[in-house]
Amino acid sequence: VMFPDPVSLPPELQRVLEDVQPEVIRLVFTLEYVEGDEWCIRTIPAGLREVSPRDVVLRLLESVSEASINYGSDVRPVEAILQRMALSMARSAAIRGGRHLSNDEMEQLIAELFALPDPAFTPNGNPIYRLLDDSAISRLLS
């Protein structure tokens, strides 16, 4: 980040950050403590250049602060933490609905989709696309 982005973290998110900081670093984020509740975002992953670093960090910390995973225990589910963080980052970096894509962007998006292990579903299990036969298309158009 050319100009470090300041972010204020409430006490509960500061505790979460202290607990998951090694995982945050693995995801190429660098947050530096300033004072009080102020932190400074020094680095972010390259794929998140077009979004607000502050928003991404807040969403990321909120996603792993949920009670469904116990972060206070001695044995932390590191893979679950990383999976939640990656999903949060993917949502933050997603192309917003209504944005027009160039042909190159569309081709790259489709190529990346079909390079996935299961291109038919999102990480949450939601369908990405459906195959429709001629009769289904006719019903939709009539």
Side-chain angles (χ1 to χ4, degrees), residues 1-137 139-141:
V1 177
M2 185 176 287
F3 301 103
D5 200 359
V7 62
S8 296
L9 297 178
E12 63 274 6
L13 289 184
Q14 286 193 49
R15 286 189 293 276
V16 170
L17 176 59
E18 290 168 6
D19 195 33
V20 298
Q21 198 157 18
E23 289 78 19
V24 170
I25 291 169
R26 282 178 64 183
L27 294 171
V28 196
F29 279 95
T30 304
L31 283 93
E32 184 178 284
Y33 178 71
V34 180
E35 65 181 333
D37 66 349
E38 291 295 314
W39 291 74
C40 195
I41 303 168
R42 297 276 179 198
T43 62
I44 61 170
L48 300 177
R49 289 184 184 150
E50 295 182 21
V51 296
S52 163
R54 179 183 307 120
D55 291 345
V56 173
V57 167
L58 290 173
R59 279 191 210 121
L60 187 130
L61 293 175
E62 287 167 359
S63 77
V64 296
S65 68
E66 296 170 9
S68 62
I69 296 178
N70 182 7
Y71 295 104
S73 68
D74 290 338
V75 180
R76 294 190 337 202
V78 174
E79 291 306 314
I81 293 170
L82 288 172
Q83 184 177 15
R84 279 182 167 217
M85 288 180 169
L87 184 57
S88 175
M89 288 172 44
R91 285 182 180 144
S92 295
I95 297 169
R96 302 290 176 234
R99 179 173 165 236
H100 294 283
L101 301 177
S102 69
N103 285 339
D104 289 341
E105 288 173 318
M106 287 187 270
E107 288 176 15
Q108 181 178 351
L109 192 60
I110 296 297
E112 289 174 0
L113 171 66
F114 286 105
L116 295 172
D118 192 356
F121 298 96
T122 67
N124 286 351
N126 297 325
I128 292 175
Y129 64 87
R130 296 178 198 258
L131 297 177
L132 302 175
D133 59 18
D134 290 341
S135 62
I137 293 172
R139 282 192 306 273
L140 289 172
L141 297 176

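- Counting all heavy atoms, side chain and backbone alike, L60 lies closest to F29 at CD1-CE1, 4.1 Å.
- For R99, the CZ atom counts as densely surrounded, since its 6.0 Å shell holds more than 12 non-hydrogen atoms of other residues, nucleotides or ligands.
- Note that CE of M106 and CG of L101 are 6.0 Å apart. Values are rounded to the nearest 0.5 Å.
- A distance of 9.0 Å separates CD1 of I44 from OG of S52, quoted to the nearest 0.5 Å.
- Taking each heavy atom of L17 and V24 in turn, the nearest pair found is CD1-CG2, 4.2 Å.
- Of all the heavy atoms in D5 and P53, the pair that sits closest is OD2-CD, 3.7 Å.
- Within the 4.5 Å cutoff, side-chain heavy atoms of L9 are placed close to those of L58.
- Atom-to-atom distance recorded for Q14:CD and E38:CD is 9.0 Å, nearest 0.5 angstrom.
- Taking each heavy atom of A120 and Y129 in turn, the nearest pair found is CA-CE2, 3.6 Å.
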With side-chain contact (heavy atoms from CB on, under 4.5 Å) as the criterion, how do W39 and V57 come out once you've worked through the C-alpha distance, each side chain's angles and the decisive distance to 0.1 Å? CA-CA 11 Å; W39 291 74; V57 167; over 6 Å; no
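- Remark: L31 CG to T43 OG1 distance equals 8.0 Å, nearest 0.5 Å.
- Between the side chains of S135 and D133, at least one donor-acceptor pair of N or O atoms lies under 3.5 Å.
- Atom OH in Y33 sits 9.0 Å away from atom CD in E18 (nearest 0.5 Å).
- In this structure the side chain of H100 never reaches within 4.5 angstrom of the side chain of E105, judged on heavy atoms.
- Side-chain contact of E112 with Q108: a donor-acceptor pair under 3.5 Å is present, judged by distance alone.
- Taking CG of D104 as the start and CG of L109 as the end, the distance is 12.5 Å to the nearest 0.5 Å.
- Shown here is N126, whose CG atom has more than 12 heavy atoms of other residues, nucleotides or ligands within 6.0 Å.
- Panel note: side chain R42, backbone P4; no donor-acceptor pair is recorded below 3.5 Å.
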